[in-house]
There are 2 protein chains.
Amino acid sequence: MATTPLTLDALVATSRALLVEGGPDAIVVREVARRLGVTAPALYRYVRGRDDLLTLLITACTDEATAACLDALAACRPDDVEGRIRAATLAFRAWALQHRPEFGLVYGTPLMHYAAPEGGPTVDAGQRFGGLFGSLFVEALAAGRLRTVDDGVLSPGVRASLAATAARLDLPMRPGEVRPFIVGWHRMLGIVSVEVAGHLRWVFGEDASAFAEEQIEELLADLLVPGAT
Amino acid sequence: MATTPLTLDALVATSRALLVEGGPDAIVVREVARRLGVTAPALYRYVRGRDDLLTLLITACTDEATAACLDALAACRPDDVEGRIRAATLAFRAWALQHRPEFGLVYGTPLMHYAAPEGGPTVDAGQRFGGLFGSLFVEALAAGRLRTVDDGVLSPGVRASLAATAARLDLPMRPGEVRPFIVGWHRMLGIVSVEVAGHLRWVFGEDASAFAEEQIEELLADLLVPGAT
DNA sequence: CAGGTCGGGTGAACACTGTTCACACAGAGT
DNA sequence: ACTCTGTGTGAACAGTGTTCACCCGACCTG
């Protein structure tokens, strides 16, 4: 019945459509197959099972978010580090708001039933995304715009973790220089998560944009020293 | 078979045990019934369906978190506002870490299949929790410890939302005085959400306590002016 | 051209899920 | 003794993920 041969891309695309329409629970093997004009067992030729489908989907979405940030960066003046970090952050937030179900799948409460394969494609994609932001902070450091911290003031555990992270991502930074990166990542993820999950609805109704954008500006001000411009 | 008559509390307790063991998907009507020594249809005498069970569970967990914060407050000097806010925040974080599945259910990615009943018990419980923190910020304001902001600098939309929120929670505060409360709520939820979801694992491994606690201290410093002590 | 191999697809089946239905059984009230 | 009500049951329905034996058509080989 299938006119075109099945592809992994087609599987992911249909799964994603279902995710958008009805959340993770709506990703139903039989329905994916039906929309592809095929019966359920056929999919098991391409995918080990439903979890495999989710892994593929999470990876694709993570990469799409990364790409959205890269697009935003491409439109920036290369020498304006603050502008670049702002653009990437806002692009990430915009992508999250426009793709709430996908964001929830990637950065929301982990699906307890689903366990990401150790060292699998999802963690790779996550590291690509982290690396993108990491490189922005390297730029900021080089430009002397980063509010760094002395390694000495860090607790030993935190210092070790930060050093290991820098090594893993190949960032030429001291722990005290990595810290603003992690703080930025942490707070950005928090701001976007809470907004996307709608936990501010009781205060701001459906549109918390103004407040969220203020919070992002506040975060940038905490991370970067004012520019010469 | 049931020796004791079924109670709503027993239903909630069993559901919660299943949640802890295997996540939201593990809350299975038949299994709840089985553990209560009864068959599934019997539960429908007490509950309209699975969603009803979730509503009850979410409400119970929200109230438990509120109670945990209240307990922490009871052990504080009544005149030390900063200490009280810190204690409540740390108590919330501690509860979240010790009850990750429950926290995920209440403050995580909303289950798309489940829709909280409008104006139902879950939103009431949420408002009770919000009110608790709101009252702490009223204390801080009275003690002159709150970093407030002029109403004039707020964008009209934000100002209106903050005013409406103050009115709804019966907080005698101007919008510029409510703002730190909402900022605190927002950032606290972000910090705890990201930590509980494990999205910092790639940096800090299983124990991100030191970093998270630093973030909370930083948040408090942003919200409050230093005390006279 | 005959024959075998193999990727890709099918229908049936299994063990689950939430939910509904007709039914049964105990105790209280009249 | 009769009904009524609260409580629980077994069977059933329409779904779910997954596995199994089977099958068919295209391709390569002798």
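First the proteins, then the strands, lettered A, B, ... as listed; each starts at 1.
- Here B/L53 lies out of heavy-atom contact (under 4.0 Å) with every strand.
- One can place CZ of B/R34 at 11 Å from C1' of C/dT17, the figure rounded to the nearest angstrom.
- In this entry the distance linking CG of B/L18 with C1' of C/dT17 reads 14 Å, nearest Å.
- Residue A/V29 places its side chain closer to D/dG17 than to any other of D/dG8, D/dG17, C/dT17.
- Both A/R45 and A/R30 lie near DNA chain C, and the one whose nearest nucleotide falls closer to the 5' end is A/R45.
- In this structure, the nucleotide among D/dG8, D/dT18, C/dT10 sitting nearest to the side chain of B/V38 is D/dG8.
- Salt bridge A/E21/A/R16: absent, no basic N to carboxylate O contact under 4.0 Å.
- Between B/I182 and A/F204, some side-chain heavy-atom pair lies under the 4.5 Å cut-off.
- Salt bridge status for A/E31 with A/R50: absent, with no side-chain N to carboxylate O gap under 4.0 Å.
- Distance from the side chain of B/A40 is smallest for C/dT19 among the nucleotides C/dT19, C/dG11, C/dG9.
- Protein atom CG of B/D51 is 12 Å distant from nucleotide atom C1' of C/dT19, rounded to whole Å.
- The separation between A/L43 atom CG and C/dG11 atom P is 14 Å, rounded to whole Å.
- Closest to the B/L6 side chain, of the nucleotides D/dG8, C/dG18, C/dG11, is D/dG8.
- Distance B/L54 CG to C/dT19 C1': 15 Å, rounded to the nearest Å.
- Here B/Y44 lies in heavy-atom contact (under 4.0 Å) with a base.
- Residue whose closest nucleotide on DNA chain D sits further toward the 5' end, between A/E31 and A/R48: A/E31.
- Annotation: side chain of A/I27 is in contact with side chain of A/L57 (closest heavy-atom distance under 4.5 Å).
- Backbone-only contact: A/I27 has heavy atoms under 4.0 Å from sugar-phosphate atoms and none from a base.
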